[in-house]
Amino acid sequence: MAYLNVVDYRWIQQTRKTLLDACEKLSADEWTAQNGYGLQSVRDTLVHMADCYHAWLGSFLLLKTKSPISSKEARQKMTIHDCIERFNQADIYVEEVFRLLGDQLDQPIERTIPWREGGDPISMTPRKLLTHTMTHEFHHKGQIVVMLRQLGHVPPNTDVLGTKDSTETET
């Protein structure tokens with residue numbers, strides 16, 4: 001049986017770049033426009049997507065931070081470039097999980113959630129958390145595509161089927 005790997009993640013990075021490139025073209029008002037559903041704005045949704053990687057991979061699996069979730073105050077100041085940097089750090093976490101835990105992706109890790117006070121320990125495998133963060137990103141990516149349409153933009157194709165296979169070369 002084939003399993004998720006770092007090559008699969010390259011497709012996610014490609015679709016994310018397509019989305020982030022489109023979001024870079026938004027005005028300041030569009031960036032923070034309240035859409036009445038989900039996480040309300042393109043900005044807040046992108047931050048939430050990146051925070052998921054920081055929480056489950058950077059904090060729970062790798063123990064790199066105990067504060068992976070952006071505060072409301074920090075989120076309100078974030079620009080598209082801040083979000084890009086947040087995703088760049090998420091990419092590093094994904095690479096580290098594959099590098100450090102690649103042969104243990106199905107071994108449960110039991111611990112309390114580092115960014116929450118107290119609570120009982122939970123048990124999760126690295127593979128499940130990788131899958132969660134990636135599917136979580138695609139779920140919210142769809143919401144952002146709808147937000148872009150509501151703002152009057154024609155969103156780009158962000159489907160993984162539009163990405164280059166790892167055997168294709170860049171031209």
Requested in this report: List in chain and number order the residues that pass salt bridge (Lys or Arg N to Asp or Glu O under 4.0 Å) with Glu24, two or more places apart in sequence or in another chain; answer none if no residue qualifies.
Outcome: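 Salt bridge (Lys or Arg N to Asp or Glu O under 4.0 Å) check on Glu24 returns nothing, list empty.
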Query raised in the report: Within the side chain of Lys141, is there an N or O that forms a donor-acceptor pair under 3.5 Å with the backbone of Leu19?
Result: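 Not a single qualifying donor-acceptor pair exists.
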Requested in this report: Would you mind listing every side chain to side chain donor-acceptor pair (under 3.5 Å) that reaches into residues 123-133, with sequence neighbours excluded?
Outcome: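 Output for this query lists Asp106-Arg127.
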Non-neighbouring partners of [X] that pass side-chain contact (heavy atoms from CB on, under 4.5 Å), sequence neighbours left out:
X	value
Lys25	none
Gln40	Gln34
His48	Leu39, His136, His140
Pro68	His54, Ala55, Ser59, Thr65, Trp115

Query raised in the report: Looking at Asp51 and Arg86, does any basic side-chain N land under 4.0 Å from a carboxylate oxygen?
Result: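 Salt bridge flag = yes for Arg86 with Asp51.
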With sequence neighbours excluded, what pairs up with [X] under the side-chain hydrogen bond (donor to acceptor under 3.5 Å, both in side chains) test?
X	value
His153	Glu30
Arg16	Tyr9, Asp91, Glu137
Glu85	Asn88
Asp82	Thr79

Report task. Name all residues meeting the ring-ring contact (aromatic ring centres under 6.0 Å, His included) criterion together with Phe87; count only those two or more places apart in sequence or in a different chain, and write none if there are none. Result ->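 With neighbours one apart ignored, the set is empty.
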Query - Closest non-hydrogen atom pair, Trp56 against Phe60 - result: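 That closest heavy-atom pairing would be O-CB, 3.3 Å.
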Query raised in the report: Are Thr18 and Asn157 close enough, and set up right, to give a side-chain contact (heavy atoms from CB on, under 4.5 Å), and what steps lead you there?
Result: CA-CA 8 Å; Thr18 299; Asn157 178 1; over 6 Å; no
Query raised in the report: Residues sharing Met78's hydrophobic cluster, by side-chain heavy-atom contacts under 4.5 Å among ILVMFWY, directly or via others?
Result: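 Other cluster members: Val47.
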Query - Residues Lys64, Glu96; criterion side-chain contact (heavy atoms from CB on, under 4.5 Å); working and verdict - result: CA-CA 11 Å; Lys64 297 278 184 169; Glu96 283 188 54; 3.1 Å; yes
Query raised in the report: What's the verdict on side-chain contact (heavy atoms from CB on, under 4.5 Å) for Leu130 and Phe98, showing C-alpha distance, side-chain angles and the deciding distance?
Result: CA-CA 9 Å; Leu130 281 164; Phe98 280 118; 3.8 Å; yes
